[in-house]
Amino acid sequence: MRETENMEAELEYDDGEEPSFSDPEDFVDDISDEELLGDVLRDKPLEADGIDSVIVVDNVPQVGQDRLEKLKNVIHKIFSKFGKITNEFYPDTDGKTKGYIFLEYSAPSHAHEAVKNADGYKLDKQHTFRVNLFTDFDKYMSICDEWEAPEKQPFKDFGNLRHWLEDSDCRDQYSVIYDSGERTGIFANDVKEPIEVEERARWTETYVRWSPKGTYLATFHQRGIALWGGEKFKQIQRFSHQGVQLIDFSPCERYVVTFSPLMDTKDDPQAIIIWDVLTGHKKRGFHCESSAHWPIFKWSPDGKFFARMTQDTLSIYETPSMGLLDKKSLKINGIKDFSWSPGDNIIAFWVPEDKDIPARVTLMQLPSRNEIRVRNLFNVVDCKLHWQKNGDYLCVKVDRTPKGTQGVVTNFEIFRMREKQVPVDVVEMKEGIIAFAWEPNGSKFAVLHGESPRISVSFYHVKNNGKIDLIKMFDKQQANSIFWSPQGQFLVLAGLRSMNGALAFVDTSDCTMMNIAEHYMASDVEWDPTGRYVVTSVSWWSHKVDNAFWLWTFQGRLLQKNNKERFCQLLWRPRPPSLLTQEQIKLIKKDLKKYSKIFEQKDRLSQSKASKELVDKRRTMMEEYRKYRERAINMYNEQRPLRLELRGGVDTDELDSNVDDWEEETIEFFINEEIIPIGDLSGRSRPAKRHSGLLLVDLIITRSCLWLIYLIIRVLPWHYMPKTVFTSSHRRKTFCFLRFSKRRTCTLVCENGTTVVCILLHSDYLILNAPQGNKV
């Protein structure tokens with residue numbers, strides 16, 4: 001059937017006219033070549049392809065034909081490591097090269113790599129290469145002769161990036177991730193309960209990280225990294241790096257290093273990227289085969305250098321150029337590990353044994369590359385490098401297998417970095433080492449050694465006389481980790497995870513156990529920057545139940561139990577180094593008693609039973625009063641000229657102003673009195689007569705009583721005078737008190753507290769005064 005239809009269609013086509021494929025007259029072609037032939041145009045060669053791969057190398061030695069071949073070999077050896085060289089051209093005149101050459105690579109990316117790494121390469125004392133792209137010449141020739149001012153960029157105010165340091169109560173902050181990573185909060189540490197500073201949902205997709213000085217908070221996202229800071233934690237910078245997993249900051253917080261296993265190509269390295277934190281620009285990219293030993297790059301303490309170890313090579317880069325130091329790497333056969341000194345630009349690295357060549361540990365000064373100390377080691381199995389926080393000491397943990405034995409013996413090689421020629425002391429340990437840690441600001445170190453359940457901890461002190469003394473050893477410890485306080489002296493021995501969270505708080509000044517406690521299944525221990533508090537936690541990432549973090553004092557006293565649902569991570573916010581000198585710090589410690597009263601008062605206030613709302617309300621009212629008082633004082637000062645004008649130029653603002661114009665006037669008031677001569681006091685006194693309404697009828701004063709009052713008032717010094725004398729009235733059967741004062745007076749007071757008579761001394765007379773209308 002179908003064949004019949006096709007035959008009919010062919011017959012109709014043969015009989016009819018040929019169809020027209022021309023466009024109609026009013027047709028408008030609105031389809032571009034890119035839409036129609038996009039896949040073809042993408043492969044179209046560019047006009048600049050021929051010169052984008054060409055570089056110009058200047059300051060090349062000028063040689064004759066007899067040495068040209070040797071020069072070509074040297075040049076090819078230097079520049080071929082950046083890519084395949086397809087063409088070379090050495091201009092010459094009169095049989096001698098002109099001092100510059102042209103090299104063409106197989107790809108433009110190779111040419112860019114050559115310019116980045118070979119520019120400034122020092123061939124010898126007289127020749128330092130200058131390398132540029134050939135296309136740069138056109139760019140530099142087309143520069144306008146008239147200078148144009150750069151466009152002003154709007155200023156972005158992120159607030160005070162170190163506002164938390166101005167807290168009146170000196171509270172430290174920490175970040176908490178909980179609810180299985182769905183919520184992230186920033187809290188201020190307080191003895192009673194944490195104070196929430198900021199909390200957001202899905203702030204990060206994995207975890208967070210503080211910068212070394214606490215200025216920035218880094219959050220992880222699928223598309224890259226974001227940095228937050230300021231009082232309200234605004235977004236300060238973001239870095240686009242797809243699939244980022246790890247980051248690292250330079251010590252100066254100027255650069256951040258990100259790692260992603262997704263974005264890496266042969267021509268454009270994207271696995272590791274170094275970014276400028278302030279501008280957000282990419283500084284340089286690197287290839288990375290594995291991130292097992294993160295960080296790949298290790299920074300010098302001042303942030304000027306960073307280094308990377310590859311097979312038989314140690315590459316040291318400098319900032320801000322991000323190029324190799326002296327344009328070349330260090331060739332170190334068999335290098336296993338390296339580490340920067342925390343206090344100086346010194347690198348320590350170790351190399352294992354090779355046939356008859358012993359293993360060695362080398363200390364190298366940078367940027368001079370001088371080897372300041374080399375230590376040869378024999379029968380070495382492994383080495384670990386441990387720097388003291390200030391860089392005063394370096395401990396090299398050396399595992400050896402002595403000849404004739406099968407076991408492993410561990411030695412600690414202690415390098416004294418501050419002494420001449422860097423002497424080395426040795427401590428031998430015959431048991432297996434579990435953990436080692438230096439005291440951050442001191443010369444002590446702690447070692448966990450032995451095997452469970454017979455684990456011991458030993459404390460050693462490195463003395464100035466070249467000796468290392470064992471201070472104390474505690475045996476039968478349930479611990480697998482050592483956590484020193486950032487300020488030294490105190491530490492926590494922790495048995496994490498498999499040891500069920502056993503904790504021991506130790507004071508190393510006299511090596512005493514301050515407290516022994518337990519946080520079941522604890523997975524992490526974090527000291528606060530001041531060394532006053534320590535947090536133990538059970539992370540949901542490692543243990544699915546009992547997720548919480550507990551706050552302890554450095555003495556081991558439990559302050560808080562904070563149970564967060566599916567708690568994941570807690571990180572204290574670091575503090576920048578103090579701006580005070582060591583002399584100023586010593587002076588503050590010496591005069592600490594001056595400030596102790598203020599601190600004690602604040603402690604008492606914080607421990608009071610007053611609610612937080614009431615305290616905050618009072619503080620708000622006090623702050624409002626201070627603002628009002630400040631406004632009133634400013635208004636008072638502004639109205640001073642007006643007051644002077646109204647008062648005829650007389651200044652009456654101060655109490656002691658115009659003292660010369662003062663007039664002194666004395667006013668005397670007469671009080672009813674009765675004068676009794678001392679010589680007439682024989683026997684009992686007669687009933688008193690009425691004096692101006694004063695009736696003295698019931699008071700009986702004996703001669704001996706008046707004599708006693710007279711002697712007390714007239715003769716005795718004040719500090720010998722009695723303060724109160726008990727007396728009585730026999731007729732009225734009432735009780736009275738005689739009270740004496742510094743003014744040589746005596747007051748007779750009734751038992752109900754009413755003043756009856758005041759007895760004063762006047763010359764040789766006793767004067768009895770009483771209030772008007774008082775009946776005695």
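Side-chain contact of N73 with H76: a donor-acceptor pair under 3.5 Å is absent, judged by distance alone. In the model, W275 has a side-chain atom that pairs as donor or acceptor with a side-chain atom of T258 under 3.5 Å. No side-chain donor-acceptor contact under 3.5 Å links T204 and T219. Looking at E253 and T215, their side chains do bring a donor and an acceptor atom within 3.5 Å of each other. With 3.5 Å as the limit, one finds no donor-acceptor pair spanning the side chains of D354 and N333. Judged by distance alone, the side chains of D399 and T410 do bring a donor and an acceptor atom under 3.5 Å apart.
Residue R373 comes nearest to Q421 through the heavy atom pair NE-O, 3.4 Å, listed as atom of the first residue, atom of the second, then distance. Between P301 and P342, the shortest heavy-atom distance links the atoms CB-O, 3.2 Å. The nearest pair of heavy atoms linking S260 to H241 is CB-NE2, 3.5 Å. Residue A218 comes nearest to I225 through the heavy atom pair CB-CG2, 4.3 Å, listed as atom of the first residue, atom of the second, then distance. Between Y105 and I55, the shortest heavy-atom contact is CE1-CD1, 3.7 Å. The two residues N345 and S300 come nearest to each other via the heavy atoms OD1-CB, 3.4 Å.
Proximity of F79 to V131: side-chain heavy atoms (C-beta onward) are separated by under 4.5 Å at one or more points. Side-chain contact between M364 and I372 is absent, with no heavy-atom pair separated by less than 4.5 Å. The shortest distance between side-chain heavy atoms of R573 and W164 falls below 4.5 Å. At least one side-chain heavy atom of V60 sits under 4.5 Å from a side-chain heavy atom of L71. Considering only heavy atoms from C-beta on, K327 stays 4.5 Å or farther from K122 through its side chain. Looking at heavy atoms from C-beta onward, V208 lies in side-chain contact with Q569 at the 4.5 angstrom threshold. Side chains of H221 and R238 form no contact here, defined as non-hydrogen atoms less than 4.5 Å apart. L570 is not listed as a side-chain neighbour of I177, based on a closest heavy-atom distance of 4.5 Å or more.
Remark: side-chain polar atoms of R416 are not paired, donor with acceptor, to backbone N or O of V422 under 3.5 angstrom. For T97 (side chain) and V63 (main-chain N/O), a donor-acceptor pair under 3.5 Å exists by modelled atom type. Distance alone, capped at 3.5 Å, is enough to place a donor-acceptor pair between the S542 side chain and the S539 backbone. The backbone N or O of A307 sits nowhere less than 3.5 Å from a side-chain atom of S315 that would complete a donor-acceptor pair. Remark: the backbone N or O of N132 is not paired with any side-chain donor or acceptor of D136 at under 3.5 angstrom. Side chain of D326 to main chain of K328: no donor-acceptor pair is present (N/O by atom type, distance under 3.5 Å, no hydrogens or angles). With S109 contributing its side chain and A107 its backbone, the two residues share no donor-acceptor pair below 3.5 Å. Of the possible donor and acceptor atoms, none in the side chain of N370 sits under 3.5 Å from a partner among the backbone N and O of Q365. A distance-only check finds a donor-acceptor pair linking the side chain of N59 to the backbone of T128 [under 3.5 Å]. At least one donor-acceptor pair closer than 3.5 Å links the side chain of Q388 to the backbone N or O of N390.
Using bins of under 30°, 30° to 60° and over 60° for the plane-to-plane angle, the ring pair F249/Y216 lands in the parallel bin.
Evaluation of the salt bridge (charged side-chain N to carboxylate O under 4.0 Å, His left out) test over residues 329-346, restricted to residues two or more places apart or in two chains, returns K298-D337, D344-R418.
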### Task
Determine, stepwise, if the pair C395 / F436 fulfils side chain to side chain contact (heavy atoms under 4.5 Å, CB included).
CA-CA 10 Å; C395 174; F436 173 93; 3.5 Å; yes
### Message
Could you go through Q245 and W294, starting from their C-alpha distance and side-chain angles, then the distance that decides it, and tell me whether this counts as side chain to side chain contact (heavy atoms under 4.5 Å, CB included)?
### Response
CA-CA 11 Å; Q245 293 182 355; W294 185 261; over 6 Å; no
#### Entry: Verdict with supporting geometry, R130 and D119, salt bridge (charged side-chain N to carboxylate O under 4.0 Å, His left out)
CA-CA 5 Å; R130 300 297 304 178; D119 185 34; 3.6 Å; yes
### Task
Take D276 and R254, measure what salt bridge (charged side-chain N to carboxylate O under 4.0 Å, His left out) needs, and give me the verdict at the end.
CA-CA 6 Å; D276 189 312; R254 179 63 190 272; 3.1 Å; yes
### Query
Going through the distances and angles, do Y90 and I75 end up as a side chain to side chain contact (heavy atoms under 4.5 Å, CB included)?
CA-CA 11 Å; Y90 290 76; I75 296 295; 3.5 Å; yes
### Task
Show your working on side chain to side chain contact (heavy atoms under 4.5 Å, CB included) between I101 and L103 and close with a plain yes or no.
CA-CA 7 Å; I101 62 173; L103 301 177; 4.1 Å; yes
### Task
Go through the steps to decide whether E198 and K232 satisfy the test salt bridge (charged side-chain N to carboxylate O under 4.0 Å, His left out), and finish with yes or no.
CA-CA 7 Å; E198 190 76 19; K232 298 298 182 182; 5.7 Å; no
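For CZ of R369, the number of neighbouring non-hydrogen atoms (other residues, nucleotides, ligands) closer than 6.0 Å is greater than 12. No more than 12 heavy atoms of other residues, nucleotides or ligands shown are found within 6.0 angstrom of CZ on R67. K397 NZ: more than 12 foreign heavy atoms inside a 6.0 Å radius. Within 6.0 Å of atom NZ in K234, 12 or fewer heavy atoms from other residues, nucleotides or ligands are found, so the atom counts as exposed in its surroundings.
In this structure, F415 has its ring center no closer than 6.0 Å to that of Y393. Between F82 and H110, the ring centre distance reaches or exceeds 6.0 Å. Ring centroid separation for the pair W340 and W387 does not come in under the 6.0 Å cut-off.
To the nearest 0.5 Å, atoms CD1 (I316) and CG (L324) are separated by 9.0 Å. Taking OG1 of T310 as the reference point, atom CD1 of I332 lies at 10.0 Å (rounded to 0.5 Å). Taking CD of E413 as the start and CG of L377 as the end, the distance is 5.5 Å to the nearest 0.5 Å. Note that OG of S329 is 10.0 Å distant from CZ of R308, once rounded to the nearest 0.5 Å. Note: L366 CG to K304 NZ = 12.5 Å, rounded to the nearest 0.5 Å. How far CZ of F233 is from NE2 of H163: 5.0 Å, rounded to the nearest 0.5 Å.
No option in F286, F305, Y255, W299 other than F286 meets the ring pair (Phe, Tyr, Trp, His ring centres under 6.0 Å) test with Y317.
In summary, E88 and K72 do not engage in a salt bridge, as defined by a charged side-chain N under 4.0 Å from a carboxylate O. By the 4.0 Å N-to-carboxylate-O rule, D92 lies too far from K98 to be salt-bridged with it.
By the 6.0 Å and 45° rule, R375 does not stack over the aromatic ring of W350.
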